[in-house]
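Below, read A as the first sequence line, B as the second, and so on, with proteins coming before strands; counting in each chain starts at 1.
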Number of protein chains: 2
Amino acid sequence: MNRTAAEPAAIALPRKASREHRRQQLIDATIESLARRGYAQTTMTDVAVTAGVSHGLVNFHFDTKEKLLTETLLYLAEEYRDNWLAALAAAPADPAAQLDALIVADFNERICTPSKLVAWCAFWAEAQSRPIYQEKCGANDLAYIRNLEEICARLVAAGNYRHSPQRVARVLRVTAEGTWLDLLSMIEPYSRDEALRTVYACAAAFFPDHFDEAGLRKPSVDN
Amino acid sequence: MNRTAAEPAAIALPRKASREHRRQQLIDATIESLARRGYAQTTMTDVAVTAGVSHGLVNFHFDTKEKLLTETLLYLAEEYRDNWLAALAAAPADPAAQLDALIVADFNERICTPSKLVAWCAFWAEAQSRPIYQEKCGANDLAYIRNLEEICARLVAAGNYRHSPQRVARVLRVTAEGTWLDLLSMIEPYSRDEALRTVYACAAAFFPDHFDEAGLRKPSVDN
DNA sequence: TGATTTTGATTGACTTGTCAATCAAAACGA
DNA sequence: TCGTTTTGATTGACAAGTCAATCAAAATCA
């Protein structure tokens, strides 16, 4: 009622946090709320409280709940994409190293957090009934799939393996996705590191000269 | 699927059968609604309309929405469990045949329908915030995991493979789960048969003497 | 057998609560 | 000052759950 005198140690949310910053803050709150309360129970008020602002503000920045959720998925998809693109760019050009980079990228600590896994899963489930979600959901990142297939093809050729590159690519991809799901479903969750070793075991089964269960073999065979 | 909204002329079932039949009918409607509208948009009225009855009846049979959804998950979990148990029982005792049976069972046409996949995914996402769901969700069917590990251990021993049975079991399990997810996420979905071949490719990579991409090798090597 | 009572299934109007969205006013920065 | 950001009371829509009334099948009786 009175002039906002007593603000108890409000952890300085600068009022004029830049527009972008506030939007990001609300998106983060949405992810957290999706994880904590589930898709069905996530309300605008809930998101606002998590972000420490009033609910009216969420509508001010995102107009509708629908848009808030869509933007959140968009953010996750972009973050995921940026992550693997950067990993590929930073890795040596040989196919084994590139494959290794893609695998490691999936279990990056920024990407593979419990909250984000749950959020992804919520969107996957919802995607069936919402075309807007569908095209942004993981398995439809065509560029990713193409890259992975290309890398597998080069690795198959380089190592004289006899697999179908496309099928190997799909197995590796669904193994990583399945491991994500496993990480979030398990009552007693295992570490990201153990998850990574699971995918490496799969890579090692297909490309024994280039991978073992600990990851990329050090002495590269084909150079 | 049941049109005939106006004059159902339903074959009058005896009371007891009718009760069970109606409950099952409502559970089926719930799965369908979850798939068609998503978890968040699935209302009691929606389920009732799908089943062709009034919404009051849903409450009569299930008391609360919560209970309806829990019972639906329970039904899915039981159906899944019965399916792999039956498959194991019907298969020859040797480990390769048992593993083959488990793999095929996952892509059974009763289990692996688009609607049921979406429903599973919805429950996975929701499970994080609902302990009741969590314990019934796929990755926590301990009996299944134990069986799969045991079979892998026997197959590793029989074939003189050098893998860790537990890790192979996990890879096979998450590959199957990931393929499920892939089936429902893909804009251009592939067939159950192609899905099956994907998992076979994984099995073949680990157990090349016993599996190839088409499935279980006919002439058993170790007898 | 036919007439009756009892039980259980089903309906749809109603109550109650929740939530997205709106809006006027306040706070703030330039 | 003016424009932007933020608040919180309010609105209106909608969904879950309740309940009295209806109806049909089953049980009981004559």
Peer 1: Can you tell me if A:Arg22 touches the phosphate of D:dT5, counting only side-chain N or O atoms and a distance under 4.0 Å to OP1 or OP2?
Peer 2: no
Peer 1: Generate the contact string for nucleotides 12-24 of chain C. Rules: B means base contact, S means sugar-phosphate contact only, - means no protein heavy atom under 4.0 Å.
Peer 2: BB-----SSBB--
Peer 1: What pairs of residues pass the salt bridge (charged side-chain N to carboxylate O under 4.0 Å, His left out) test when at least one of them lies in residues 122-136 of chain A, not counting sequence neighbours?
Peer 2: A:Glu66-A:Arg130
Peer 1: Roughly how many Å is it from CZ in B:Phe60 to C1' in D:dA16, rounded to a whole number?
Peer 2: 18 Å
Peer 1: List for me each residue that meets side chain to side chain contact (heavy atoms under 4.5 Å, CB included) alongside B:Ala169, sequence neighbours excluded, and say none if there are none.
Peer 2: B:Leu148, B:Glu149, B:Cys152
Peer 1: Tell me every residue that passes side chain to side chain contact (heavy atoms under 4.5 Å, CB included) with B:Val47, counting only those two or more places apart in sequence or in another chain.
Peer 2: B:Leu26, B:Ala29, B:Thr30, B:Ser33, B:Thr42, B:Leu68
Peer 1: In whole Å, I'd like the distance from the NE2 atom of A:His61 to the C1' atom of D:dT5.
Peer 2: 7 Å
Peer 1: Is the shortest distance from a Lys or Arg side-chain nitrogen in A:Arg81 or A:Glu78 to a carboxylate oxygen in the other one below 4.0 Å?
Peer 2: no
Peer 1: Between B:Thr179 and B:Tyr190, is a side-chain contact (heavy atoms from CB on, under 4.5 Å) present by the stated rule, with each step listed?
Peer 2: CA-CA 10 Å; B:Thr179 304; B:Tyr190 41 95; 4.0 Å; yes
Peer 1: Just list the side-chain donor-acceptor pairs under 3.5 Å for residues 54-61 of chain A, sequence neighbours left out, or say none.
Peer 2:
none

Peer 1: I want to check something: taking the side chain as every heavy atom from C-beta on, are B:Leu88 and B:Trp84 in contact at a cut-off of under 4.5 Å?
Peer 2: yes
Peer 1: Round to the nearest Å and state the distance from B:Glu20 atom CD to C:dA9 atom C1'.
Peer 2: 14 Å
Peer 1: With side chains defined as the heavy atoms from C-beta onward, is the minimum distance between B:Asp193 and B:Phe107 less than 4.5 Å?
Peer 2: no
Peer 1: For DNA chain D, determine which residues of residues 67-76 of chain B have any heavy atom closer than 4.0 angstrom to one of its atoms, and list them numerically.
Peer 2: none
